[in-house]
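Throughout, numbering of the chain's residues begins at 1 and tracks the sequence. Excluded from the calculations below are hydrogen atoms, water molecules and symmetry mates; all remaining heavy atoms, backbone and side chain alike, are included.
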Amino acid sequence: MFISHKFHNHKIEKEIDGNFQTLLVNKIGGFFAWQDNTESRYSGFYHKFGNKVFKSIESIKLHDSSKIIKIKNNFWNFEIERESGIKESFFMPYGFDALVYENNRDISFDLLLDCKEMFDNNEWNRIYNFSEEDGKIIIEYVKLENEIKKYSFFVVIYSDSFKYKIKKNWVLKDYKYDFKRKDSPFSRYIFSAIELEGSKFVFTISEDKKKASEEAKYIFENLNVLKKDHQKSIIEFELRNSINVHDAEVNVAYLAAKLSLSNMLVYNLSGNISGIYAGIPWFSQFWARDSLISMVSLPRKDKLNLFLNYLEEFKNNKKISSCSVGCLESAEANSLFFKRAEDLMIENLLTPDEIFEIKNLLIEDIGKVLAVKTRDGFAVNGPKETWMDTEFNGNSRGGIRIEIQAMRLKMYNLAAKLTGERKYFELEHNLSKKVREYFFNGISLKDGIDDKEVRPNIFLAFYIYPELLFRHEWESVFSHAMDYILLDWGGFSSISKNSSLFCGEYRGCAEPNQSYHRGDSWYFMNNMAVIALKKVDFHKFEKNIKKILDTSTKEILWSGMLGHHAEISSANKFTSDGCFAQSWSSALYVEAIDEFLKK
């Protein structure tokens, strides 16, 4: 099939086979993850109600099942062309929990529903009620638990034709990708709700029936205006962000990654940023570590507003929560906050009052970590508290880790700059000296004080605190590591290929979590490595830098979820795996391209 990506002034096209995915978002936490033959229960139409994300539509199953010959990603909508001549288009207007589905002629299809909270896989007590009101089809979904309503919402259908047939059939659906991921359940009964016929449909979702009904009518009647507004916003985005290099693929991938990152932002009803999703579909929560890394490539205003959310949280709670749902503690969250604070100070985006508040929080936080997160002068983290937050065979990276030392050093360094007090200079000097003594042997940096496994965390350490080593020393460290973790296809494994813990296939070993941080190649880290290698010695590492960027560009454009950057790849071969649209992957790709283009 042909895949095309089209902004207003940039277009590329390629013939390539695959069961690709596409994504639309509404900027208020909802999204539509499409795949022609869905391979995961996480595909479908989602909506954010409160702090939870709910699914409604599983898929649209055409009665004409002819082969797809073209997918057109226009970045404000996407279009599907089939051998039979059918042309489908999908569109989500910003600010509405709505999906618009159009065709170039009247067609018939089955609407498959799987209404549920995203992670609620209980198949019992699912009730669908049908009614008609004012030319609309209303489907009420109710989930019961112990004969009591657990949650409910409405699906409203408004179309140019009132031709339909209620089906109410339960259909067993197998999910091939979930089976590959060893993420049960691998199959699930979904609801073939209704057969529809027509050429234009609006689906709206709400916990309030009246709201869903009114929005369906409004969108249907104002669709052309909504489309033009959305198209205009994409044209303006392109004008603000184009880099116009000689490589057409890089031009489009850069814009795509930047737009993907921006589309991960979630706004509240007041139009203010609530947070940024770590990834879509299943990481649709606000993770501090991911957010603070990802904000680097957001527009200045959005970056500042997202940071100020964390500043307010820090002031109120004296720490930053790891994520917006129950999750493990993060050893990096507070440190990354101060790293981004310094970045914003350099950009002159913070007021004197905000800098004063940050200084006080930093002083207080250093006092706390010295008391409870320090051993023999080193920063200490608990098991599964770093970004490598899985465990396998007792390996969970607790203890004294290289990137955590870099983050502590950054805190001391910033405190010294903001206060001018000698004790912070001394803390920085003493820890830097100890890290060099216990981690650095003149050739390589250990991943942990008692752990000689080679991992890519050296790139993160450089990204946070490059002052740790001289440039020629970093060159030696990177060269040494590349002998163990550089992959032929253009990435880095998350542990040495020679390690007994190494697993080369994504979730392909006996224990699903083994590969995640013990083999799988993380696109955000690959892109971060480009930044480090470029700054240390571009001429020495030029070939590696270009190959990594070529691979990331290829992944964004021609693999996985079209126009988005996936979470990870298997180590043994290039793949798009994990969460298919990951914020920090896109953010670091943009930052890597920006760094690559610097003279």
(request) Determine yes or no for a side-chain-to-main-chain donor-acceptor pair under 3.5 angstrom, with Tyr151 supplying the side chain and Glu117 the backbone. (result) yes

(message) Taking the ring of Phe314 and the ring of Phe338, is the distance between their centroids below 6.0 Å?
(response) yes

(message) Are more than 12 heavy atoms, taken from residues, nucleotides or ligands other than Lys534, located less than 6.0 Å from that residue's NZ atom?
(response) yes

(message) Using the side-chain contact (heavy atoms from CB on, under 4.5 Å) criterion, which residues pair with Thr575? Sequence neighbours excluded.
(response) Ser569, Ser570, Lys573, Asp577

(request) Please answer whether the main-chain N or O of Glu13 pairs with a side-chain N or O of Ser4 as donor and acceptor at a distance below 3.5 Å. (result) no

(message) Would you say Ser321 and Glu313 are linked by a side-chain donor-acceptor pair, where the criterion is simply a distance under 3.5 Å?
(response) yes

(request) Take Gln582 and Trp522, measure what side chain to side chain donor-acceptor pair (under 3.5 Å) needs, and give me the verdict at the end. (result) CA-CA 10 Å; Gln582 194 80 359; Trp522 290 68; over 6 Å; no

(message) Keeping Asp302 on the side-chain end and Ser262 on the backbone end, is there a donor-acceptor pair under 3.5 Å?
(response) no

(message) Looking at Ile346, I want to see if its CD1 is surrounded by more than 12 non-hydrogen atoms of other residues, nucleotides or ligands under 6.0 Å.
(response) yes

(request) Compare every heavy atom of Leu487 with every heavy atom of Ser521, then report the nearest pair and how far apart it is. (result) CB-CD1, 3.9 Å

(request) Verify the distance criterion only: is there a donor paired with an acceptor across the side chains of Ser576 and Glu555 at less than 3.5 Å? (result) yes

(request) Identify whether the distance between the nearest side-chain nitrogen and carboxylate oxygen of Asp36 and Arg82 falls below 4.0 Å. (result) yes

(message) I'd like to know if Lys598 and Glu595 make a salt bridge, using a cut-off of under 4.0 Å between side-chain N and carboxylate O.
(response) yes

(message) If you count heavy atoms of other groups shown closer than 6.0 angstrom to NZ of Lys52, is the number above 12?
(response) no

(request) Return the minimal non-hydrogen interatomic distance between Val156 and Ala212, and the atom names on each side. (result) CG2-CB, 3.6 Å

(request) In sequence, state the C-alpha distance, the side-chain angles, and the governing distance for Arg289 and Glu332, and then conclude on salt bridge (charged side-chain N to carboxylate O under 4.0 Å, His left out). (result) CA-CA 6 Å; Arg289 177 195 295 124; Glu332 305 102 336; 2.7 Å; yes

(message) For a 4.5 angstrom cut-off between non-hydrogen side-chain atoms, does Trp387 reach Trp584?
(response) yes

(message) Testing the basics here: between Tyr589 and Ala253, what is the closest heavy-atom pair and its distance to 0.1 Å?
(response) OH-CB, 3.4 Å

(request) Identify, with sequence neighbours excluded, every residue that meets salt bridge (Lys or Arg N to Asp or Glu O under 4.0 Å) alongside Glu236. (result) none

(request) Determine whether more than 12 heavy atoms belonging to other residues, nucleotides or ligands lie under 6.0 Å from atom NZ of Lys217. (result) no

(request) State whether Phe286 and Lys48 meet the cation-pi test: NZ (Lys) or CZ (Arg) under 6.0 Å from the six-membered ring centroid, and within 45° of the perpendicular axis. (result) yes

(message) Trp34 and side chain to side chain contact (heavy atoms under 4.5 Å, CB included): which single residue from Ile80, Leu99, Ile57 fits?
(response) Ile80

(message) Restricting to non-hydrogen atoms, name the atom on Ser583 and the atom on Leu261 that form the minimum distance, rounded to 0.1 Å.
(response) O-CD1, 3.6 Å

(request) Answer yes or no: is there a donor N or O on one side and an acceptor on the other, between the side chain of Ser552 and the main chain of Leu549, under 3.5 Å? (result) no

(request) Evaluate the criterion side-chain contact (heavy atoms from CB on, under 4.5 Å) for residue pair Ser56 and Tyr141; output intermediate values, then yes/no. (result) CA-CA 9 Å; Ser56 59; Tyr141 174 73; over 6 Å; no

(request) Provide the closest heavy-atom pair for Thr38 versus Ser43 in the form atom of the first, atom of the second, distance. (result) CG2-CB, 3.8 Å

(request) Tell me yes or no: between the side chains of Asp64 and Ser66, is some donor less than 3.5 Å from an acceptor? (result) yes

(message) If you take the centroid of each ring, where Trp contributes its six-membered ring, are Tyr42 and Phe580 closer together than 6.0 Å?
(response) no

(message) Do Lys27 and Tyr94 form a cation-pi contact, if we require the NZ or CZ to be under 6.0 Å from the six-membered ring centre and within 45 degrees of the ring's axis?
(response) yes

(request) Could you tell me whether the side chain of Glu238 and the main chain of His8 form a donor-acceptor pair under 3.5 Å? (result) yes

(message) Consider side chain to side chain donor-acceptor pair (under 3.5 Å). Of Glu79, Lys6, Gln231, which one does Asn74 pass it with?
(response) Glu79

(request) Side-chain contact test, heavy atoms from C-beta onward, threshold under 4.5 Å: evaluate it for Asp594 versus Val590 and give yes or no. (result) yes

(request) For side-chain contact (heavy atoms from CB on, under 4.5 Å), just list the numbers for Asn73 and Ile3, CA-CA rounded to whole Å, side-chain angles, deciding distance to a tenth of an Å, and then say yes or no. (result) CA-CA 8 Å; Asn73 175 24; Ile3 304 295; over 6 Å; no

(request) Could you pull out the closest heavy-atom pair between Ser274 and Asn309, with the gap in Å? (result) O-ND2, 3.9 Å

(request) Could you tell me whether the side chain of Ser294 and the main chain of Asp290 form a donor-acceptor pair under 3.5 Å? (result) yes

(request) Would you verify whether the NZ or CZ of Lys535 falls within 45 degrees of the ring axis of Phe462 while also being under 6.0 Å from that six-membered ring's centre? (result) no

(request) Say whether, by atom type as modelled, one donor and one acceptor occur between the side chain of Ser284 and the main chain of Pro281 under 3.5 angstrom. (result) yes

(message) Between the side chains of Glu39 and Lys180, is the shortest nitrogen-to-carboxylate-oxygen separation below 4.0 Å, so that they form an ion pair?
(response) no

(message) Between Phe154 and Ser206, is there a side-chain heavy-atom distance shorter than 4.5 Å?
(response) no

(request) Give me the ring orientation class for His47 and Phe49: parallel if the planes are under 30° apart, tilted from 30 to 60°, perpendicular past 60°. (result) parallel

(request) Check the pair Arg340 / Asp343 against salt bridge (charged side-chain N to carboxylate O under 4.0 Å, His left out), numbers first and verdict last. (result) CA-CA 5 Å; Arg340 290 306 181 215; Asp343 293 344; 2.7 Å; yes

(request) Without swapping roles, check the side chain of Arg507 against the backbone of Tyr516 for a donor-acceptor pair under 3.5 Å. (result) no

(message) Does Lys87, at its NZ atom, have more than 12 non-hydrogen atoms belonging to other residues, nucleotides or ligands within less than 6.0 Å?
(response) no

(message) Any salt bridge linking Lys173 with Glu58? Criterion: basic side-chain nitrogen under 4.0 Å from a carboxylate oxygen.
(response) no

(request) Determine the sole option in Phe78, Phe109, Phe91 for which the ring pair (Phe, Tyr, Trp, His ring centres under 6.0 Å) test with Tyr101 is passed. (result) Phe109

(request) Answer yes or no on whether Lys339 is positioned over the face of Tyr463, meaning its NZ or CZ is under 6.0 Å from the six-membered ring centre and within 45° of the axis. (result) yes

(request) Report the C-alpha separation of Asn527 and His565 in whole Å, then their side-chain angles, then the decisive distance to 0.1 Å, and conclude whether the side chain to side chain donor-acceptor pair (under 3.5 Å) test is met. (result) CA-CA 11 Å; Asn527 297 329; His565 210 351; 3.3 Å; yes

(message) For a side-chain contact (heavy atoms from CB on, under 4.5 Å) check, start with the C-alpha distance between Ile60 and Leu111, then their side-chain angles and the critical distance, and finish with the verdict.
(response) CA-CA 5 Å; Ile60 290 170; Leu111 182 68; 4.1 Å; yes

(message) Between Phe337 and Tyr310, is the ring centroid distance below 6.0 Å?
(response) no

(message) Donor-acceptor pair, distance only, cut-off 3.5 Å: does the side chain of Asp114 make one with the backbone of Arg41?
(response) no

(request) Go through the steps to decide whether Met525 and Phe492 satisfy the test side-chain contact (heavy atoms from CB on, under 4.5 Å), and finish with yes or no. (result) CA-CA 8 Å; Met525 184 60 76; Phe492 291 95; 5.7 Å; no

(message) Counting only heavy atoms from other residues, nucleotides and ligands, does the tally under 6.0 Å from NZ of Lys554 exceed 12?
(response) no

(request) Kindly indicate, with the supporting measurements, whether the criterion ring-ring contact (aromatic ring centres under 6.0 Å, His included) is fulfilled by Phe203 and Phe32. (result) CA-CA 12 Å; Phe203 305 99; Phe32 177 53; 9.2 Å; no

(message) I'd like to know if the side chain of Asp178 and the backbone of Asp183 have a donor-acceptor N/O pair within less than 3.5 Å.
(response) no

